[in-house]
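It should be emphasised that the depicted structure is a prediction, and the values quoted were computed from it without experimental measurement. All values below come from the heavy atoms of this structure, side chains included, with hydrogens, waters and symmetry mates left out. Sequential numbering from 1 along the given sequence is applied to the chain's residues.
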Amino acid sequence: MKKYNGSFQTSATGLDILKIIMFSIAALFLNLVFAYAAINLKLIIFLDTVFTVAITFYAGLIPGVLVALFYNPLMMVVLCLIKGAGFFLYDSFYGLCGVVIALITWALSRNKETFLYSKASTIFYLIVIAFTSAIASCLCASILDTFIRPLISQVSEFGFTDNLYYSFQTLNLGDFLSFFLPRIPITVVDRLVCTFAGYCIYKLVSIISPNTTISRR
């Protein structure tokens, strides 16, 4: 066990690494379940990053990024198998938005002594994480839609923000703002739900199976 600036970090064992791998796989699977439920219930939020947030809180940046990267391609496979939809490569690019969310979540919560200092402190950080990741993921998705999407011949029919995009196009705002502006309220609500739900799951899992390999710096 090593000490850094008054905090302790335990070296990871093989069992610790295996546990994080298993929890990451579970997080990926549950993201698929939640997102598929949101699609079938026709919710106006995505619910596809609840467990990305949870695993990032629990195990750090790398597991969060990996869960985010694998989610979108696997979700397209699920939709292909269950709904008979085509595989749309472009939709996999939205995994970059998940990576941005994991990065912001990790950056703003990695100092656990500050993040978990008090209930008020934790709620404040969760709100900041939610709003910051909402704006960042909106920017990321809108940049993709503005500059990469025109290069792709087909996209899936599961992007419900498309109808809003067409409505904003009539205001002559240009492609970027037409993609960006309608995403903001939807994504803010989604980020608030996913961030707070992910935190609650993280706390529950930490009680059941504490992660002693993550530094509390």
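Within a 6.0 Å sphere centred on CD1 of Ile82, other residues, nucleotides and ligands contribute more than 12 heavy atoms. Within 6.0 Å of the CZ atom in Phe176, the count of heavy atoms belonging to other residues, nucleotides or ligands exceeds 12. More than 12 heavy atoms of other shown residues, nucleotides or ligands fall within 6.0 angstrom of atom CG in Leu173.
Between Phe34 and Phe51, the two ring planes are perpendicular [angle over 60°; tilted spans 30° to 60°]. Using bins of under 30°, 30° to 60° and over 60° for the plane-to-plane angle, the ring pair Tyr199/Tyr202 lands in the tilted bin.
The two residues Leu181 and Pro185 make their nearest non-hydrogen contact at O-CD, 3.5 Å. Contact detail for Gly98 and Ala68: the closest heavy-atom pair is C-CB, 3.4 Å. Taking each heavy atom of Asp48 and Ala35 in turn, the nearest pair found is CB-CB, 3.8 Å. Residues Thr105 and Ser109 approach most closely at O-OG, 2.6 Å, considering heavy atoms. Shown here for Pro63 and Ile20, the closest heavy-atom pair between the two residues is CG-CG2, 3.8 Å. Heavy atoms only, all atoms of each residue included: Ala54 and Ile201 are closest at CB-CG2, 4.0 Å.
Applying the side chain to side chain donor-acceptor pair (under 3.5 Å) test to Thr52 and every residue at least two apart in sequence or in another chain returns Asn31. Taking the side chain to side chain donor-acceptor pair (under 3.5 Å) definition, one finds that Ser209 meets it with Lys19, sequence neighbours left out. For Ser178, the side chain to side chain donor-acceptor pair (under 3.5 Å) partners two or more places apart in sequence, or in a different chain, are Gln169.
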### Task
May I have the step-by-step check of side-chain contact (heavy atoms from CB on, under 4.5 Å) for Val193 and Leu47, ending in yes or no?
CA-CA 8 Å; Val193 172; Leu47 295 183; 3.8 Å; yes
### Task
Test Phe93 against Asn72 for side-chain contact (heavy atoms from CB on, under 4.5 Å), laying out the working first.
CA-CA 8 Å; Phe93 296 161; Asn72 284 83; over 6 Å; no
### Query
Could you walk me through whether Ile39 and Met75 pass the side-chain contact (heavy atoms from CB on, under 4.5 Å) check?
CA-CA 11 Å; Ile39 290 172; Met75 190 62 189; 3.8 Å; yes
### Message
For Ile186 and Phe46: C-alpha separation, side-chain torsions, deciding distance, then whether side-chain contact (heavy atoms from CB on, under 4.5 Å) applies.
### Response
CA-CA 9 Å; Ile186 296 169; Phe46 309 104; 4.1 Å; yes
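In this structure, the separation between CG on Leu89 and CD1 on Ile152 is 6.0 Å, given to the nearest 0.5 Å. With values rounded to the nearest 0.5 angstrom, Leu41 atom CG is found 10.5 Å from Tyr36 atom OH. Atom CZ of Phe70 is separated from atom OG of Ser92 by 11.5 Å, given to the nearest 0.5 angstrom. The line from OH of Tyr71 to OG1 of Thr49 is 9.0 Å long, rounded to the nearest 0.5 Å. In this structure, Phe124 CZ and Ser118 OG are separated by 11.0 Å, a value rounded to the nearest 0.5 Å. Atom CD1 of Ile104 and atom CZ of Phe131 lie 13.5 Å apart (nearest 0.5 Å).
Put simply, the side chain of Ile208 does not reach to within 4.5 Å of the side chain of Val205, judged on heavy atoms. Using a 4.5 Å heavy-atom threshold, the side chains of Thr187 and Ser137 count as touching. Contact annotation: the side chain of Ile143 never approaches that of Phe180 to less than 4.5 Å [non-hydrogen atoms, C-beta and beyond].
Looking at Thr132, its side chain never comes within 3.5 Å of a backbone N or O of Ile129 through a donor-acceptor pair. When atom types are taken as modelled, the side chain of Thr195 and the backbone of Leu192 share no donor-acceptor pair closer than 3.5 angstrom. Looking only at distances, a side-chain donor or acceptor of Tyr90 sits under 3.5 Å from a matching main-chain atom of Leu144.
Tracing side-chain contacts under 4.5 Å through hydrophobic residues (I, L, V, M, F, W, Y), one never reaches Leu204 starting from Leu30; they form parts of separate clusters. Phe23 is connected to Val33 through a chain of hydrophobic side-chain contacts under 4.5 Å among Ile, Leu, Val, Met, Phe, Trp and Tyr, so both are in one cluster. The cluster map of Ile, Leu, Val, Met, Phe, Trp and Tyr, joined by side-chain heavy atoms under 4.5 Å apart, puts Ile123 and Phe57 in the same cluster. Using a 4.5 Å cut-off between side-chain heavy atoms of Ile, Leu, Val, Met, Phe, Trp and Tyr, with links allowed through other members, Ile55 and Leu18 fall into different hydrophobic clusters. Tyr117 and Leu108 sit in two unconnected hydrophobic clusters of ILVMFWY residues. Membership requires side-chain heavy atoms under 4.5 Å apart, directly or through other members.
The hydrophobic cluster containing Val99, built from Ile/Leu/Val/Met/Phe/Trp/Tyr side-chain heavy atoms closer than 4.5 Å, also comprises Leu61, Val65, Leu69, Leu103, Trp106.
Counting only residues at least two apart or on different chains, the salt bridge (Lys or Arg N to Asp or Glu O under 4.0 Å) pairs with a member in residues 178-202 are Asp145-Arg183. For the salt bridge (Lys or Arg N to Asp or Glu O under 4.0 Å) condition, no pair includes a residue of residues 28-42, sequence neighbours left out.
Results of the side-chain contact (heavy atoms from CB on, under 4.5 Å) test with Leu81 over Val77, Val78, Leu79 single out Val77 as the only residue that passes.
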